Structure formats: structure tokens, C-alpha cells
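What follows is a short report on a single structure.
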Amino acid sequence: MASNSRVSILDYFNIVFEGENGKIESNCKACGTRIQAKRTVTSNFVTHLKRKHQAMYDEFLRKKDVKREAYSSGAILISIMADKKATSRVSTGKRKEKSAESKAEKETEKKVENNTESDKQKENDKVKKKPEPDEEKPKGNGETAQGAQGGAEDGEFQLEPIELPPFEIIVGDRLNPSFFKFQFKNVEYSSGRNKTFLCYQVDIKGGAAEPDGVRGYLEDEHTGAHAEEAFFQQVLPQYDKSLQYTVTWYTSSSPCAACANKLTEILRARKTLRLNIHCSRLFLWEEPEIQAGLKALAKAGCKLRMMRPVDFTYVWSTFVENEEDSFTPWEDCQENYEYYDEKLTDILQ
DNA sequence: ATTTTCAAT
Ligand SMILES: [Zn+2]
């Protein structure tokens with residue numbers, strides 16, 4: 001009942017993951033900042049809004065007041081009860097439709113190999129869309145149903161399961177700008193990313209290869225194969241020892257131990273293949289297995305580097321659907337690079 | 001203010 005009287009602060013956040021015990025990982029819809037909290041203790045969300053987005057915070061307070069007013073009125077409560085079936089049906093229908101829609105968009109994005117970038121842009125716009133202040137209609141059923149989500153009086157209002165990403169390797173020409181900005185940000189920990197992006201450039205000499213080489217990106221989504229392995233399964237499965245390969249990657253994360261070992265094996269088997277990996281972040285760099293894996297990988301001839309600010313700019317212009325927008329690396333990009341570079345140097349020496 | 005690491009049907 002207490003949760004029923006609370007306006008949904010979560011309207012301002014994209015839930016990335018919700019575990020048992022109500023633990024929530026989310027990104028602020030306005031700035032993308034990762035916020036962690038519990039469903040029952042949402043002060044982190046409120047505090048973030050208050051400190052970073054004053055206008056949204058004010059809107060939130062206004063909505064909350066309207067909500068309390070509504071719920072304190074017995075008459076309205078009764079009307080909500082009377083309409084409950086219809087309301088919940090409509091609202092879950094709406095949500096289903098929404099999730100089906102976004103699923104469909106994901107589908108198209110998966111199938112898009114090199115066309116219709118406008119769809120991606122549409123999705124991008126949708127992500128950025130802010131909640132509409134439509135509390136002008138106190139009888140508004142959508143609003144009521146939203147506020148009641150999580151109430152779970154009889155299961156009618158239970159939150160839908162978090163929509164999970166597809167189980168496929170996503171391949172594309174250029175990646176979504178907001179994905180790039182979030183996924184490639186060289187913060188210390190990659191929480192909330194839950195996947196790895198890999199931008200690749202392949203140049204092959206000695207054969208009838210395309211003069212400009214091949215480039216694109218991979219995005220792994222818990223397919224069993226990580227992006228690094230998927231690259232050699234999907235992009236460059238074949239090998240001709242009479243050719244010389246130069247493969248350059250820009251990855252959001254350094255390889256895990258298993259991938260590092262697989263890459264080491266591949267480099268040992270493909271003597272004429274040069275692999276350069278530039279990573280935004282180091283993954284679990286304190287783990288001995290990771291350190292050993294990276295070391296072996298470097299010893300097998302792989303050039304391993306952390307991405308510098310200039311590399312982020314290069315990826316933006318080369319691998320991101322940038323629509324001619326310029327890109328300015330975030331404030332602490334250089335600082336974070338130095339932080340990571342020091343750790344990588346330690347590992348590889 | 002601090003937390004935080006390529007998720008699981
Ligand atoms: Zn891996």
C-alpha cells in the first residue's frame with residue numbers, strides 16, 4: 001500500500017537490471033549516469049534527480065503531490081478500484097505493445113547490415129524521450145496504473161519482467177551514438193554495460209582484397225561467444241597463410257581470460273595475422289587469470305593498448321552513426337586513460 | 001556520497 005502512494009521515480013530511469021531482493025541497476029534517462037538502488041529504497045534516484053536535474057526534480061515533486069491528493073480521496077480510490085480491471089488490462093496491453101515494438105525494432109536492427117539508419121535514430125530518440133507531464137488529467141488511467149505498478153495487490157499490477165536483450169551477436173556498419181557514448185566510456189568499472197562492443201578494421205594484403213579493407217562492429221549479447229570470439233567466427237573465419245592480415249580492434253572492454261587465451265591460440269595458428277587491440281576499459285584487471293591471459297596474448301604478438309582520447313574521437317568518426325556531429329571526449333577521458341594505461345603497463349611488463 | 005566488472009530463460 002505504501003508503494004501505491006508513491007509516484008514512480010523510476011519513470012526517470014531506464015532499468016538495466018533488477019535482481020532478487022529488489023536491487024535495481026539503472027541509467028538516468030537524462031544523463032545516462034548509472035544509479036543503483038533498491039525498489040523499496042529509492043532515495044538514490046531522488047537524490048540524483050534533485051542534484052543533477054532540478055527541473056525534472058520539480059516535476060517529480062509536482063506529480064507526487066498530485067498523486068497523494070488523488071490517493072487520499074476515497075472517492076477516487078473507489079473509482080480506481082472499479083476501473084481496476086479495465087485499467088490494468090489497458091495498461092498491460094500498452095506495455096506489451098511497447099515492448100513488442102521495441103523488440104521489433106531490435107529485430108530490424110539486427111537484420112540491418114548496412115541500411116536504414118533512420119530506424120536506429122528513431123530508437124535513439126525514443127531512449128532520449130523524457131516523461132511527459134500529463135498529470136493534468138487526474139482520472140488519467142495510464143498515470144494511475146503507472147503509479148500503482150509494484151503495488152501487487154493481487155498480482156494484477158506486478159511489474160513486468162525486465163525485457164532482456166536478444167541472444168544474438170549483433171553486426172553492423174556503424175553503431176548508435178548513444179550506445180557508443182555509454183558503452184565506450186572509460187570509467188573504472190563497466191557496471192550496467194553487460195556486453196562488449198568491438199569495432200574492427202581488417203586489411204588484407206597479397207590477394208584480391210578490397211583496397212580499403214573491411215570495417216564494422218560487433219556487439220555480443222550473451223550468446224555464449226564473446227565479441228572477440230564472434231569476430232573470428234563471423235567476420236574472419238577463414239585464413240590463408242599466403243595473405244597478410246592486419247586486424248585492428250577498438251573494444252569497449254579488454255578481453256576476458258577465456259577470450260585472451262583463444263586469441264593467443266589464433267595468433268599462434270595464424271602467423272601472418274597482426275592483431276592490434278585498443279580497449280576503452282580493462283576488464284577484471286586484478287584477476288591473475290586475466291593478467292596471465294593478457295600477458296600471453298601480448299607475447300603472442302598482439303599489440304594491446306588502452307584507448308586514448310584521440311582514439312575515441314577516431315572511433316566516433318569511423319564507427320559511429322555520427323550524422324556529422326562532432327565528438328568531444330568526456331572530461332576525465334585522458335585521466336581515465338592514464339589510470340588504465342598504468343595498470344596495463346604493469347600487467348604487461 | 002558510494003557503489004561498481006562481457007547477466008540469465
Ligand atoms: Zn570474453
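Model, not experiment: these values are computed from the prediction.
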Problem set entry | Atom-to-atom span, OH of A:Tyr250 to C1' of B:dC6 - whole angstrom | 21 Å
For this session: Using a 4.0 Å heavy-atom cut-off across all strands, classify A:Ser254 as base, sugar-phosphate, or nothing.
Result: base
For this session: Classify the side-chain pair A:Gln183/A:Arg193 by whether it contains a donor and acceptor separated by less than 3.5 Å.
Result: no
Exercise. Between atom CH2 in A:Trp285 and atom P in B:dT4, what is the gap in whole Å?
Worked result: 12 Å
For this session: Report which part of the nucleic acid A:Ser190 touches: base, sugar-phosphate, or nothing (heavy-atom distance under 4.0 Å, all strands).
Result: sugar-phosphate
For this session: Scan residues 229-246 of chain A for pairs that pass salt bridge (Lys or Arg N to Asp or Glu O under 4.0 Å), counting only residues two or more places apart or in two chains.
Result: A:Glu229-A:Lys262
Exercise. Which pairs count as ring pair (Phe, Tyr, Trp, His ring centres under 6.0 Å) when at least one residue sits in residues 281-311 of chain A, sequence neighbours excluded?
Worked result: A:Tyr189-A:Trp285, A:Trp285-A:Tyr340
Exercise. How many Å lie between CZ on A:Arg193 and P on B:dT4, as a whole number?
Worked result: 15 Å
Seminar exercise, completed: Atom OH of A:Tyr339 and atom C1' of B:dT4 are separated, to the nearest Å, by 11 Å
Problem set entry | Between B:dC6 (P) and A:Glu289 (CD): distance, integer Å | 15 Å
Exercise. Checking all strands, does A:Glu228 fall into the base, sugar-phosphate, or nothing category for heavy-atom contacts under 4.0 angstrom?
Worked result: base
Exercise. Going by atom types only, do A:Tyr239 and A:Arg270 share a side-chain donor-acceptor pair under 3.5 Å?
Worked result: no
Exercise. What's the CZ-C1' distance between A:Phe283 and B:dT4, to the nearest Å?
Worked result: 13 Å
For this session: Quickly work out the A:Leu218 CG to B:dC6 C1' distance and round it to whole Å.
Result: 13 Å
Problem set entry | d(CG, A:Leu344; P, B:dT5) in whole Å | 21 Å
